[in-house]
Amino acid sequence: MPELPPPITVVGIGADGWPGLSTAGRAALRAAEVVVGGPRQLDLLPRDEVAAERVPWPSPLRPAVPGLFAAHADRRVAVLASGDPMFYGIGRTLAETVGAGRLRVLPHPSSVSHACARLGWPLESTEVVSLVGRPLDTLALALNPGRRLLVLSADAATPAAVAGLLTTRGYGAARLRVLEQLGGPAERRLDGTADGWPHPPGDPLNVIAVDLGDGPRNSLVPGLPDAAYESDGQLTKRHVRAATLAALAPSPGELLWDVGGGSGSIAVEWLRAHRDCQAVSIERDPVRAERIARNAAALGVPRLRVVTGPAPAALAELPAPDAVFIGGGLTATGLLDSCWAALRPGGRLVANTVTLESEALLTEWYRRHGGELVKLAVAHAVPVGGFTGWRQAMPVTQWSAVKPNTPQENAS
């Protein structure tokens, strides 16, 4: 049997540096022949205690990780990580690239644990939002009256940026406390409100505690008001959208194709269902594609990927989906076939239409593959002179089906 490479020891370190490390963490660093970390972390190690070669992380980091550790395969390697390596840290990247079985992780209290200890906030009910390597609009999804948030900053400019976003979105009275260098000798706290944030950029190593107070409600379930979306009319309306998301049944980690994105509402509300959900919106019109991206950012899911191009051609290079929604272009040659073929076994396909031609197509697919074929009709109360009557929206035919886990013969 080939000899296994030595384990990689991942040592969490805080702003308190070497004095704050556990006995096991110090021993691992003393024994290492190579220590890998960020320049700030490497500078925390005393030269008279750690004699190992010091290697700063390359940039871009993730693609370089396998080669970096291959180059030191026969040496004892330790990695420095901020706080808890497995909480928004380098530990996840290492587990995904070199394998979790090769890691020995020695965690340190995270900045979130330190922050909750300082504030007296219960950790289990405090929502954490990371803005490290993520767009600022990611924060929007977490905004709701009375909530407490801890925001992991990207740099010294993040507190002011967060204050600006909160003010823009109706939370100008929110209380902000910026906690710098938590656990270290230079620990400092800055206080203020979002709409009058008075402090210039300080230490880049900071966490922002946000007491939101009063502000606009942010519903967590599908069926947001139509007015929440910028639209040219190509929008799956609220009640039909809620029924469509129910049929798509998002689950954490799953990928949706939103084909014929229009205003992007189905993909946006799929992503809002869970932070690990993924979605691609495919829209042939460049103006609408840009609008979809704006809607995604405004509603707190800027991670939505927008592909501009006609389907089915634009689908060719996309990763296989767990669910597909077709909201437009059903009669395009080969579209339904391409989506069904790409769908993972056990995945869901949902298609909506208001035209007789597309309805006939969905009826045929229902005959061949089963599933559910339903007609959704919504009427709204409107003034009729001095009285009130019903105004019927165009009925929507919806076909939904689950792809079998094993090949299935088409019905003849």
Quick one: does any side-chain atom of [X] pair with a main-chain N or O of [Y] as donor and acceptor, under 3.5 Å?
| X | Y | value |
| --- | --- | --- |
| Asp137 | Val301 | no |
| Arg54 | Leu45 | yes |
| Tyr88 | Val132 | no |
| Trp257 | Ala320 | no |
| Ser231 | Gly233 | yes |
| Thr363 | Glu359 | yes |
| Arg303 | Cys277 | yes |
| Arg118 | Ser113 | no |
| Arg284 | Ala311 | no |
| Thr138 | Pro135 | yes |

Quiz prompt | salt bridge (charged side-chain N to carboxylate O under 4.0 Å, His left out) between Arg188 and Asp203, worked out | solution = CA-CA 9 Å; Arg188 183 174 72 144; Asp203 195 288; over 6 Å; no
Regarding [X] and [Y], does a basic nitrogen lie under 4.0 Å from an acidic carboxylate oxygen?
| X | Y | result |
| --- | --- | --- |
| Arg148 | Glu127 | no |
| Arg62 | Glu96 | yes |
| Arg175 | Asp191 | yes |
| Arg348 | Glu254 | yes |
| Asp226 | Lys237 | no |
| Glu49 | Arg30 | yes |

Quiz item: Run the salt bridge (charged side-chain N to carboxylate O under 4.0 Å, His left out) check on Arg177 and Asp211 step by step: do they pass?
Solution: CA-CA 9 Å; Arg177 282 168 281 187; Asp211 261 314; 2.8 Å; yes
Is there a donor-acceptor contact under 3.5 Å linking the side chains of [X] and [Y]?
| X | Y | answer |
| --- | --- | --- |
| Ser82 | Gln41 | yes |
| Asn352 | Gln398 | yes |
| Ser263 | Asn295 | no |
| Asn206 | Glu180 | no |

Student check: side-chain heavy atoms of [X] and [Y] closer than 4.5 Å:
| X | Y | result |
| --- | --- | --- |
| Val11 | Leu21 | yes |
| Leu152 | Leu131 | no |
| Leu176 | Ile208 | yes |
| Tyr171 | Pro216 | yes |
| Leu80 | Val36 | no |
| Pro39 | Leu42 | no |

Practice problem: Mind running side-chain contact (heavy atoms from CB on, under 4.5 Å) on Ile282 and Leu318 for me, showing each step along the way? | Solution: CA-CA 10 Å; Ile282 301 96; Leu318 298 180; 4.0 Å; yes
Exercise. Carefully, step by step, assess Trp18 and Arg26 under the rule side-chain contact (heavy atoms from CB on, under 4.5 Å).
Key: CA-CA 8 Å; Trp18 183 258; Arg26 292 187 190 184; 3.8 Å; yes
Self-check item: Val207: which of Leu182, Val151, Val128, Val178 passes side-chain contact (heavy atoms from CB on, under 4.5 Å)
Solution: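 Of the listed residues Leu182, Val151, Val128, Val178, the side-chain contact (heavy atoms from CB on, under 4.5 Å) partner of Val207 is Leu182.
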Quiz prompt | side-chain contact (heavy atoms from CB on, under 4.5 Å) partner of Val240, chosen from Leu376, Val354, Leu235, Leu245 | solution =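 That would be Leu376; it is the only one of Leu376, Val354, Leu235, Leu245 passing the side-chain contact (heavy atoms from CB on, under 4.5 Å) with Val240.
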Quiz item: Take atom CD in Gln392; do more than 12 heavy atoms of anything else shown fall under 6.0 Å from it?
Solution: yes
Looking at [atom1] of [X] and [atom2] of [Y], how far apart are the two atoms once the value is rounded to the nearest 0.5 Å?
| X | Y | atom1 | atom2 | result |
| --- | --- | --- | --- | --- |
| Cys339 | Leu315 | SG | CG | 5.0 Å |
| Leu349 | Leu248 | CG | CG | 8.5 Å |
| Leu119 | His114 | CG | NE2 | 12.5 Å |
| Ser251 | His274 | OG | NE2 | 8.5 Å |
| Arg76 | Ile8 | CZ | CD1 | 14.0 Å |

Exercise. In sequence, state the C-alpha distance, the side-chain angles, and the governing distance for Trp270 and Leu304, and then conclude on side-chain contact (heavy atoms from CB on, under 4.5 Å).
Key: CA-CA 10 Å; Trp270 170 280; Leu304 173 61; over 6 Å; no
Quiz item: Between Leu136 and Val162, does a side-chain contact (heavy atoms from CB on, under 4.5 Å) hold up when you go through it step by step?
Solution: CA-CA 7 Å; Leu136 179 65; Val162 166; 4.1 Å; yes
Quiz item: Going by the angle between their ring planes, with limits at 30° and 60°, are Phe69 and Trp57 parallel, tilted or perpendicular?
Solution: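 The arrangement is perpendicular - the two ring planes meet at more than 60°.
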Exercise. For the residue pair Trp340 and His369, categorise the inter-ring angle as parallel (less than 30°), tilted (30 to 60°) or perpendicular (more than 60°).
Key: tilted
